[in-house]
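Every heavy atom of this structure was used, including side-chain atoms; hydrogens, water molecules and symmetry mates were not. What you see is a predicted model, and the numbers here were worked out from it, not measured in a lab.
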Amino acid sequence: MRTLAYAAAVALLGLTAPIASADPAVPDPGYNTVTYLIGKCWDPTQPVEQEPTKVEYNCDGTSVMENMVWSAWGADGANGTGTDNSVECQPDCATGARLVNPIVVHAWNPKQADGCPPNLQFYSDLTVAYPQGVPPWIKPGTQWAADTLFTTVDGMPAVHYINQGAHSCTPL
């Protein structure tokens, strides 16, 4: 009888005990297999989203891929189409015009980022190509920064972002 009462008490405690929350500094992607992401701007407090319809890629709201539709997403890379919504920072980024253009996106070379869960891998290379209309700062053959090259992809002016990964895997 005492054993039965003890078992009932343990069961009751198990039902009423608070559930421990996950450490937000090391988010659980919720997948048992590798999850692929685009974005140095990934916020680890948000759910992991594969094949996102919206990707912020400058971390300040000045460049966003929207209405994305992906034809491929996995270890071999990601391919998609959508709309680039970028700010022309003239006279400055706060007051510059928004430029909206169709885009073709290719991401590849997934890698784990330092401090991130092992099942998260970020595409370290990303091209955003413009089949019609292109922001005026994209001039193939020039370079914006060491990790940003202006190039041509399948005859389209494009930006190639190199060595991308999570800006941080700690909450913003």
Is it the case that one hydrophobic cluster holds both Tyr123 and Val159, taking links as side-chain heavy atoms less than 4.5 Å apart, direct or via other members? yes
First locate atom NE2 of His160, then atom OG1 of Thr127, and finally report the distance between them rounded to the nearest 0.5 Å. 7.0 Å
Are Val128 and Val87 co-members of a hydrophobic cluster defined by side-chain heavy atoms under 4.5 Å apart? no
When you check the side-chain N and O atoms of Ser124 and Asn109, is any donor under 3.5 Å from an acceptor? yes
Measure the spacing between CD1 of Ile38 and CD of Glu56 and express it to the nearest 0.5 Å. 13.5 Å
Could you tell me which non-hydrogen atom of Pro131 sits nearest to which non-hydrogen atom of Ala129, and how far apart they are? CD-O, 3.5 Å
For Glu88 versus Leu99, what's the shortest heavy-atom pair and its separation? CB-CD1, 3.9 Å
Inspect the surroundings of CG in Asp76 and state if more than 12 heavy atoms from other residues, nucleotides or ligands are less than 6.0 Å away. no
Counting neighbours of CG on Asp147 that are heavy atoms of other residues, nucleotides or ligands and sit closer than 6.0 Å, is the number greater than 12? yes
If you measure from CG on Leu37 to CZ on Phe122, what distance do you get to the nearest 0.5 Å? 5.0 Å
Enumerate the disulfide bond (SG atoms under 2.5 Å apart) contacts for residues 77-106, please, sequence neighbours excluded, ordered by first and then second residue. Cys89-Cys93
Hey, is the main chain of Leu149 close enough, under 3.5 Å, to the side chain of Gln143 for a donor-acceptor pair? no
Where the side chain of Thr148 meets the backbone of Ala145, is there a donor-acceptor pair that is under 3.5 Å apart? no
Going hydrophobic residue to hydrophobic residue with side-chain gaps under 4.5 angstrom, can you get from Ile103 over to Met156? no
Please tell me if the side chains of Val64 and Val55 come closer than 4.5 Å, counting only heavy atoms from C-beta onward. no
Before you tell me yes or no, could you show the steps for Trp108 and His106 under side-chain contact (heavy atoms from CB on, under 4.5 Å), namely the whole-Å CA-CA distance, both residues' side-chain angles and the distance that decides it to 0.1 Å? CA-CA 7 Å; Trp108 69 100; His106 179 63; 3.0 Å; yes
What pair of heavy atoms forms the shortest contact from Ala158 to Ile138, and how long is it? O-CG2, 3.8 Å
If we only count heavy atoms from C-beta on, is the Val105 to Leu126 side-chain gap below 4.5 Å? yes
Pro91: partners by side chain to side chain contact (heavy atoms under 4.5 Å, CB included), with sequence neighbours left out: Thr95
Stepwise side-chain contact (heavy atoms from CB on, under 4.5 Å) test for Val48 and Leu120: CA-CA 9 Å; Val48 171; Leu120 290 180; 3.9 Å; yes
For residues 66-74, which side-chain donor-acceptor pairs fall under 3.5 Å, sequence neighbours excluded?
residue	atom	partner	partner atom	Å
Glu66	OE1	Asn85	ND2	3.3
Trp70	NE1	Pro52	O	2.8
Ser71	OG	Asn79	O	3.4
Trp73	NE1	Tyr36	O	3.2
Trp73	NE1	Gln50	OE1	3.3

Is there a side-chain contact between Pro157 and Thr152 in this structure, where contact means two heavy atoms from C-beta onward sitting under 4.5 Å apart? no
Spacing of CG belonging to Asp125 relative to OH belonging to Tyr161, to within rounding of 0.5 Å: 13.0 Å
What distance do Thr53 atom OG1 and Met65 atom CE have between them, rounded to the nearest 0.5 Å? 11.5 Å
Do you reckon Trp137 sits in the same ILVMFWY cluster as Val134, going by side-chain contacts under 4.5 Å, direct or chained? yes
Atom CG of Asp92: over 12 foreign heavy atoms under 6.0 Å: yes
